[in-house]
Amino acid sequence: MTIYLQMLGTGDAFSTKYYNNNAVLQDHGYTLLIDCGVTAPQAMKALGKSFQEVTETLITHIHGDHIGGLAELARTPSQEPHGKMTLLLAETLIEPLWQHPLLEPLHRKGGARSLADVFNVKPLKPDTPYTLSPSLTLELIRTPHMPGKASYSLLLNECVFYSADLTFQPELLLHLVHNRGITKILHDCQLSGRGQVHTTLRELLSLPEEIRKLIMLMHYSDEKPKFEGNTGEMEFLEQQVVYRLPDCRKDT
Ligand SMILES: O=c1ccn([C@@H]2O[C@@H]3COP(=O)(O)O[C@H]3[C@H]2O)c(=O)[nH]1
Ligand SMILES: [Zn+2]
Ligand SMILES: [Zn+2]
């Protein structure tokens, strides 16, 4: 079965041309929203979509461009009997997310005292595969982003790596391709400057060709047009374009 990926946005946290790096994955009747940044409500509207179409929302880490739209998402009535939107996230993120200033508007919602009061929270364990829908599996891998801040990249259908913002991890990428059967890497990319909390284009270009040709670039700055044609084998992922994702699960 085929699943489809559509980036709501492919911009970094400061982009004015691209929406936040958030995505929707669709498996027939099931829609997974991957991260819900400040621009997510507007980006959904730009696609003629609404949060009501979202079945579940996954949060990779706690930065405004990944969580800033959650207050609006929480206000959307879900189709479920409990009426709450479902949030998937690593257990370690639950309390810090609730305490984040961007979620403060929800603290005033009918005396809510925890994330579970405003969302149907499903805690996930890293390194554990979950079946989200008939054609979609997910595994979280904790990856380094900012010191002391938990952040989780994704393995989708056992063969697609979706980076939460992360610093350059060449050994991890080689391991994923050689030992975990990864055939597609969607990677955040800082186009210029020193990469303190993100992976830079220069770093990605230093990878072996066999890895570079699997990579598509996302979470980039407004300078992107200047870099077109200068990214080797790596293509830019474009916001709003629908991509088919490979499904390498052994039993399909
Ligand atoms: O000069 C700076 C650089 C960065 N930052 C924050 O660090 C975050 C890194 O991850 P992100 O890309 O999801 O979002 C970024 C911003 O939230 C900032 O506030 N000011
Ligand atoms: Zn980000
Ligand atoms: Zn981040």
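First listed ligand is number 1; within each ligand, the first listed atom is number 1. Please read all numbers here as calculations on a predicted model, not as lab measurements.
- Taking atom 9 (C) of ligand 1 as the reference point, the nearest protein heavy-atom neighbour is His63 CE1, 3.6 Å.
- Side-chain contact annotation: Tyr243 with Glu238, donor-acceptor N/O pair under 3.5 Å absent.
- Close approach of ligand 1 to His66 is summarised as follows: ligand atoms under 4.0 Å from at least one heavy atom of the residue are 13 (O).
- Residues passing the side-chain contact (heavy atoms from CB on, under 4.5 Å) test with Glu235, sequence neighbours excluded: Met216.
- Remark: the Ser221 side chain and the Glu223 side chain contain an N/O donor-acceptor pair separated by less than 3.5 Å.
- Heavy-atom contacts of Asp165 reach the following atoms of ligand 1: 10 (O), 11 (P), 12 (O), 13 (O) (cutoff under 4.0 Å).
- Near His219, meaning under 4.0 Å from one of its heavy atoms, ligand 1 places the atoms 12 (O), 13 (O).
- Between Glu209 and Lys213 there is no salt bridge, since no side-chain N of the basic residue sits under 4.0 Å from a carboxylate O of the acidic one.
- Within the model, atoms CG of Leu186 and CE of Met7 stand 7.5 Å from one another, a figure rounded to the nearest 0.5 Å.
- Counting non-hydrogen atoms of other residues, nucleotides and ligands closer than 6.0 Å to NZ of Lys125 gives a total of 12 or fewer.
- Listed by chain and number, His61 NE2, His63 ND1, His145 NE2, Asp165 OD2 are the protein N/O/S atoms closer than 2.8 Å to the Zn ion (ligand 3), with waters left out.
- Heavy atoms of Asp12 stay at 4.0 angstrom or farther from ligand 1.
- What sits closest to atom 15 (C) of ligand 1 on the protein, heavy atoms only, is Ala13 CB, 3.9 Å.
- With Ser163 contributing its side chain and Leu166 its backbone, the two residues share no donor-acceptor pair below 3.5 Å.
- When only modelled atom types and interatomic distance are considered, His175 and Gln169 share no side-chain donor-acceptor pair under 3.5 Å.
- Side-chain contact, Gln42 with Thr39: no donor N or O sits under 3.5 Å from an acceptor N or O.
- For atom 18 (C) of ligand 1, the nearest protein heavy atom (residue, atom name, distance) is Phe14 CZ, 3.5 Å.
- His219 and Asp65 share a side-chain donor-acceptor pair at under 3.5 Å.
- Side chains of Tyr30 and Ser135: a donor-acceptor N/O pair is absent below 3.5 angstrom, by distance only.
- What sits closest to atom 12 (O) of ligand 1 on the protein, heavy atoms only, is His198 NE2, 2.7 Å.
- Listed by atom number, the atoms of ligand 1 under 4.0 Å from Asp65 heavy atoms are 11 (P), 12 (O), 13 (O), 14 (O).
- Applying the 4.0 Å criterion to heavy atoms of His145 picks out, from ligand 1, the atoms 9 (C), 10 (O).
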